[in-house]
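Contents: one structure, followed by commentary.
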Amino acid sequence: MTSYVAFLMFPALLILILAGFPIAFSMISVALVAGYLQFGDGVIFQLLSKMDDVATNSVLAAVPLFIFIGAMLERSGIAERLFDAVHVWTRRVPGSLGVSAVLLGTIFAAASGVVGATETVIGMLAVPIMLKHAYDKSLISGTICASGSLGTVIPPSITVIVLAPVANVSVGDLFAGLLFPGLVMAALFIAYVVGIAMLKPAFAPREEETPVLSISQKIRMTVFALVPTMALIFTVLGTILLGIATPTEAAACGAAGTLILSLAYRTFTWGILWNALRRTASITAMILLIVLGGNMFAGVFFASGGMDSVQSLLSTLGLSGAGAVTAILVLAFLAGFVLDLISVVLILIPLAMPIVTGYGVDPVWFAVTFLVVLQTSYLTPPMAPSIFYLRAITPPEITLRHMYRGVLPFIGMQLVTLVLVILFPGLVLWLPEQMSGPSW
């Protein structure tokens, strides 16, 4: 009876999600029913303890702060100023607008870690300019989707903040482990844009620099736009990696930094602050409710003996450590088609971590590989969430056909990154081993 209840939880959850129920409530409902069938009234105390675990988790306190950073960067005009500062240096590079979009995605991801906000901001800034300069619509679509997706694999990432306590690994170690793969992926995106612009100039026509800016003017723009943002990134990411601050403390400093920047640029208004706070509250409530549902679902699954059943099934199938890891990553990729990233993390990571650590797989390497796979599914048609974000902000002349065709080369770049992470684990593990200070 125990194993049957545990295994039936996943089909029941999938049925509810496909029926249109919100993911958080679907997980909570399945956990409540399965727990009642297995433990009777005792499930109430179990679920209440999970609520207490989520409410008292200090790492999750960083989530609203990171969301606030992204909202303020988006609404105060800081991102627009940053795009202009990056573009003055890339204007002579083939595919300069696409290169600028990827660089802005990298910088914005390193400042806020919010995937949807990153893609929305980049799309609103870059798409009109790229269309004006007659860029190929598929190249536009692929570049914006890929740039926005970098928020998953470039720290600090909201997904990592949620994943770390569930996987029982250090947030700082995950941030350090993600840094090189994320930068490698961004570099591959830039290389593809430059390459396609050189091979097919009609896809990315060169721009004329109007007005022509002197070196001193470019340096001035960089100092006033890029340097403060890089200081903000160091305040958030650097302090975590060096062990100076906890993720929550670093996020709080970053939130204060965005307010200071908006005041310094004279873009701060009470209306902007209010809108940023409302957006922060809305997204935070959604994320934390999903986290709560995932914790409840995983708690009942474990208590029902589901983990023992899964391990017995893997043994029966004769899967080795590599086979089990591959099966989990394939499942994560498929789940990424129909679920948001955080939901996939909360459903699969509690199930996966005991299995992979039991086979002696490094948990930091596995978590980073898992996130790269998730990011790839985030970009992969037909259910790519990144395409749905782009569809909401692009004019009708950019069709879904353009979007589907445009993301394919960038998926190839993501797969190259995944292969590099698998073949060269040091790409993930070297930096965490070198970082000093406490692990948060």
Side-chain angles (χ1 to χ4, degrees), residues 79-80 82-84 86-109 115-116 118-154 182-210 375-417:
E80 183 176 359
L82 186 61
F83 182 79
D84 293 337
V86 170
H87 190 221
V88 297
W89 294 104
T90 63
R91 202 179 292 266
R92 296 179 182 274
V93 177
S96 60
L97 286 169
V99 172
S100 298
V102 177
L103 288 173
L104 180 62
T106 304
I107 296 169
F108 200 91
V115 178
T118 301
E119 184 174 344
T120 301
V121 170
I122 296 170
M124 293 176 68
L125 292 174
V127 169
I129 302 175
M130 295 173 86
L131 284 173
K132 179 182 176 182
H133 286 86
Y135 269 57
D136 178 76
K137 295 182 179 65
S138 294
L139 181 61
I140 294 174
S141 303
T143 303
I144 301 304
C145 288
S147 304
S149 72
L150 289 172
T152 305
V153 292
I154 289 183
L183 293 177
V184 166
M185 188 178 293
L188 289 172
F189 289 168
I190 291 173
Y192 170 75
V193 172
V194 173
I196 200 70
M198 294 176 66
L199 294 173
K200 298 182 178 180
F203 277 39
R206 284 185 177 270
E207 309 166 67
E208 294 184 4
E209 188 173 349
T210 53
Q375 191 213 12
T376 306
S377 71
Y378 178 83
L379 208 63
T380 303
M383 300 294 291
S386 62
I387 289 177
F388 298 146
Y389 277 116
L390 185 64
R391 177 71 279 172
I393 59 173
T394 53
E397 60 195 277
I398 298 181
T399 65
L400 284 175
R401 182 184 295 272
H402 292 129
M403 296 178 189
Y404 287 155
R405 190 167 60 238
V407 298
L408 294 179
F410 293 94
I411 294 170
M413 300 300 103
Q414 291 174 323
L415 293 176
V416 170
T417 306

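Numbers here simply count residues along the sequence, with the first being 1.
- Between V93 and V194, the shortest heavy-atom contact is CG1-CG2, 3.9 Å.
- Minimum heavy-atom separation, F203 to I196: CD2-CG1, 4.2 Å.
- For the 3.5 Å distance criterion, the side chains of R405 and S138 qualify, holding a donor opposite an acceptor.
- What you find for M413 and L188 is that their closest heavy atoms are O-CD1, 3.6 Å.
- The distance between the ring centers of Y192 and F410 falls below 6.0 angstrom.
- Although no hydrogens or angles enter the test, the distance criterion places a donor-acceptor pair under 3.5 Å between the side chain of H402 and the main chain of T399.
- In this structure, V102 and A186 approach most closely via the heavy-atom pair CG1-O, 3.7 Å.
- For the atom pair NE2 of H133 and CD1 of I140, the computed distance is 11.5 Å after rounding to the nearest 0.5 Å.
- Of the possible donor and acceptor atoms, none in the side chain of Y404 sits under 3.5 Å from a partner among the backbone N and O of T380.
- Here I190 contributes atom CD1 and T106 contributes atom OG1; the two are 6.0 Å apart, rounded to the nearest 0.5 Å.
- For the 3.5 Å distance criterion, the side chains of S100 and T90 qualify, holding a donor opposite an acceptor.
- Closest approach of K137 to E397, counting heavy atoms only: CD-O, 3.4 Å.
- A126 and I144 make their closest contact through CB-CD1, 3.9 Å (heavy atoms, listed as atom of the first residue, atom of the second, distance).
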